[in-house]
Amino acid sequence: MSTRVRFAPSPTGYLHIGGARTALFNWLYARHTGGKFILRIEDTDTVRNTQEAVDVILEGLRWMGIDWDEGPLSGSDRDACKGDFGPYFQSQRSDIYREKIEELKSKGFAYDRDGAVYFKMGREATLIDDLVVGKVRRELTDREAQDPDFVIVRSDGQPVFHLVNVIDDLLMGITHVIRGEDHLTNTAKHIALFRAFGAEPPQYAHIPLILNSDGSKMSKRDEGASLMAYPEMGYLPEALINQLVLLGWTPGDNKEIVSVEEIIRTFDLCQVHRSNARFDMNKLKSINYEYMRQLSMERFVELGRKAFERTGMLSSGWSEEYVKQALETCKDKVKTFSELPEYAGFYFTEELVYPPEMLESEFTQEARERLAMLRERYTGLEDFSSASLEAVLKALAKELGLKAGPLVHPLRLALTAAKSGPSLYHLMEVMGKERVLKRINGLLK
RNA sequence: GACCCUAUGGUCUAGCGGUUAGGACACCACCCUUUCACGGUAGUAGCCCGGGUUCGAGUCCCGGUAGGGUCGCCA
């Protein structure tokens, strides 16, 4: 039988990073086994359910490169779905639920109380054979021991999560339920529901949760809780995927940077860890850097330009070619795209601001004199190429009996108002003689 | 409170009864370098605690502790 897995998010207005990883693991498993990955929108909570909230989910998955074989194609047009097991919005499945609730009632598994429908739950322990966690014997809590039955339809007529989730998984032929470990103890209810419908439950795989770097639960407001924060912070989707998959799964052979294709080939549920993992931004950053280095120059420039556009710094008339050349000097220099505006902002401003404390510590009388000498040499230089600029600077250094550093530092300060940045000779070539001399004059005046 | 899961450096992890406990990130020192970075070399730092089982335990069992989860007319 072919594998059928699903990601069933609730449209809350944002896609949690943990949810994104659940989607990722489901997708990886589907692709690894050659099965189907289904997207289903659990929008029974009508209050928060909006078009936009659905689009956030679709966009998030698309950004990660996760595609689905069945499910909605758009948040605004809910009839635009693909797949033969629809509808894929729970809000469109009321008739199905009504029918199934009747089935439970007629079989004696459900009854009405205070206007709500309750499911009759047994008191015996439930055995869960989980692909990740192993065999779990789930006893009743003391609260449940008092009354093990639970609500499946609210008094306002709305069926609750446990019920619809099981009905949909059943009708959509889901073979493996891969979800967060926070659902592990709920699984007893789900198994009972499946059996009440006369069906065998699917295979379960509960994956560990992602925690904040301090070990606390990651909630909506925490940094990096929202998937879309990552593109905004300048991360590449392939880097995020790599980081996410490393949190709970290992490629083996001490390898860490693994392509999606490679992950799909080797991924399996039985190797997934059982313990929660903290999300380390530093690690993500370094993984991101690895992927940024692999980027073609064209792609780097394109994404770098977008990072600048987000800040509004490129609004004035910088030519396409100038922007391109400027960005090219930044390749392999920054770890995320969001660092770029600060790193290379000096290219795109007429008025460079020198922080007073930096001038005080860096721009000594000696440095001023050296910069003046460089100005003299560069003023007379016809060939303003990086090679020629470097040769001139080094020749002067030699004359003065210095290493290059003492000349480089004041020059970089004058041109970029920073102590570090892109290759000095290359950035001068890009900026051009006129602007370079103007900046040197500006600092020397 | 009850129930469930988990526990290797600061973080992510390899390990699956006998290892000098390996790797990555971070940190740190030096080399290289026009800065930063890259690269190279070295370094600091780890099996939560207590009992068992065993000739031998990071590894198996029990207990404790700690962290996380669940017990809703939320999903």
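A, B, ... follow the sequence lines: proteins, then strands. Residue 1 opens every chain.
- Within the structure, every side-chain polar atom (N or O) of A:R123 is placed at least 4.0 Å from both OP1 and OP2 of B:C3.
- Contact annotation: A:H273 side-chain N/O to B:A14 OP1/OP2 distance is under 4.0 Å.
- Nucleic acid contact class of A:G252 (heavy atoms, under 4.0 Å, all strands): none.
- Within the 4.0 Å cut-off from OP1 or OP2 of B:G69, not a single side-chain nitrogen or oxygen of A:T185 is found.
- Contact between the side-chain N/O atoms of A:K394 and the OP1/OP2 oxygens of B:U34 is found at a separation under 4.0 Å.
- Note: CD1 (A:I101) to P (B:C73) measures 16 Å, nearest angstrom.
- OP1 and OP2 of B:C12 both lie 4.0 Å or more from every side-chain N or O belonging to A:K285.
- The side chain of A:R143 contributes an N or O atom lying less than 4.0 Å from OP1 or OP2 of B:G72.
- Of the candidates B:A24, B:U11, B:C36, the closest approach to any side-chain atom of A:D280 belongs to B:U11.
- Across all strands, A:K217 comes closer than 4.0 Å only to sugar-phosphate atoms, never to a base (heavy-atom distances).
- Using the six-membered ring where Trp is involved, A:Y204 and A:H206 have ring planes that are parallel, under 30° apart on the 30 and 60° scheme.
- Between B:U34, B:A37, B:C25, one nucleotide has an atom nearer to the side chain of A:S423 than all others, and that is B:U34.
- For A:M172 against A:P87, the heavy-atom pair with the smallest separation is CE-O, 3.6 Å.
- When the nucleotides B:A24, B:C71, B:U34 are ranked by their closest atom to the side chain of A:R412, B:U34 comes out on top.
- In the displayed structure, A:R221 atom CZ is contacted under 6.0 Å by at most 12 heavy atoms of other residues, nucleotides or ligands.
- Among the protein residues, A:H162 comes within range of the nucleic acid bases, having at least one heavy atom under 4.0 Å from a base atom.
- Among the heavy atoms of the strands lying under 4.0 Å from A:E256 is at least one base atom, whether or not backbone atoms are also near.
- Of the listed nucleotides (B:C38, B:G69, B:U13), B:G69 has the atom at the smallest distance from the side chain of A:D182.
- Ring geometry for A:F279 versus A:Y230: interplanar angle of 30 to 60°, hence tilted.
- Closest to the side chain of A:K335, from the set B:A26, B:C71, B:C25, is B:A26.
- Counting only heavy atoms from C-beta on, A:Y289 has its side chain closest to B:C38 among B:C38, B:U34, B:C5.
- With B:A26, B:G69, B:C36 as the choices, the nucleotide that has an atom nearest any side-chain atom of A:K333 turns out to be B:C36.
- Considering all non-hydrogen atoms of both residues, A:A110 and A:V117 come closest at CB-CG1, 3.9 Å.
- Counting only heavy atoms from C-beta on, A:R278 has its side chain closest to B:C12 among B:C12, B:C38, B:G68.
- Using a 4.0 Å heavy-atom criterion, one finds that A:N282 contacts the sugar-phosphate atoms exclusively.
- Note on A:T44: a side-chain N or O is less than 4.0 Å away from OP1 or OP2 of B:A75.
- With distances taken from any side-chain atom of A:S275 to the nucleotides B:U6, B:C73, B:A75, the minimum falls on B:U6.
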